[in-house]
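Have a look at the structure below, then the notes.
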Amino acid sequence: MKADCHDDQRRRKRTVRQYRRKRLLWGYYFTNPTSEPLEQAAALLAIQGYRPVELYQPELDDPAAPPVWVLHVEKAEVHGVDSLHARNGELMAFAQENRLASYDGMDVGPVGAPAAPQL
């Protein structure tokens with residue numbers, strides 16, 4: 001398990017080094033077994049400058065698995081390794097403070113990519 005964590009850290013650092021000093025569109029994801037807390041979280045995050053993109057229930061591989069909802073928000077910003085680490089810490093704390101099941105991570109793409117439907 002530790003090796004996976006270290007591999008993930010190395011992959012994240014490589015991604016950040018590749019894109020540093022560029023303004024990019026960062027996508028952040030939260031999960032919860034019900035949608036209502038995520039709807040509230042979307043409103044709070046919008047006040048902080050995040051754009052709510054989508055609230056959805058993904059198709060699960062295991063039909064017996066409990067339901068899960070995913071909130072996707074975006075924000076265009078510049079990150080280095082340290083600032084991205086800090087942002088992830090802030091969003092983990094946000095998830096805990098708002099009693100969400102998890103902050104599920106991020107993805108990144110160019111600003112101006114085709115827009116997903118907004119919530």
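L84 and Y29 sit in two unconnected hydrophobic clusters of ILVMFWY residues. Membership requires side-chain heavy atoms under 4.5 Å apart, directly or through other members. V68 and V73 fall into different hydrophobic clusters, where Ile, Leu, Val, Met, Phe, Trp and Tyr side chains are chained together by heavy-atom contacts under 4.5 Å. Following chains of ILVMFWY side-chain contacts shorter than 4.5 Å, one cannot reach V70 starting from Y103, and the two form parts of different hydrophobic clusters.
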Enumerate, atom names and distances included, each donor-acceptor pair closer than 3.5 Å involving a side-chain atom of residues 89-101, sequence neighbours excluded.
residue	atom	partner	partner atom	Å
E90	OE1	R87	NH1	2.5
N98	ND2	F94	O	2.9

Check residues 55-62 and write down every donor-acceptor pair under 3.5 Å in which the side-chain atom is one partner and the other belongs to a residue at least two apart or another chain.
residue	atom	partner	partner atom	Å
D62	OD1	A64	N	2.9

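Under the 4.5 angstrom side-chain criterion for Ile, Leu, Val, Met, Phe, Trp and Tyr, I47 has no cluster partners at all.
Side-chain atoms of D107 and Y28 form no donor-acceptor pair, as typed in the model, at a separation below 3.5 Å.
Separating the OG1 atom in T31 from the CG atom in L38 is a distance of 7.5 Å, to the nearest 0.5 Å. The CD atom of Q40 sits 10.0 Å away from atom CG of N32, with the distance rounded to the nearest 0.5 Å. In this structure, NE2 on H79 lies 15.5 Å from NZ on K22, to the nearest 0.5 angstrom.
Here the shortest heavy-atom pairing between G27 and H72 reads CA-NE2, 3.8 Å. The nearest pair of heavy atoms linking E77 to W26 is O-NE1, 3.2 Å. Across all their heavy atoms, L24 and P110 have their closest contact at CD2-CA, 4.1 Å.
K75 places a side-chain N or O within donor-acceptor distance of the main-chain N or O of Q48, the cut-off being under 3.5 Å.
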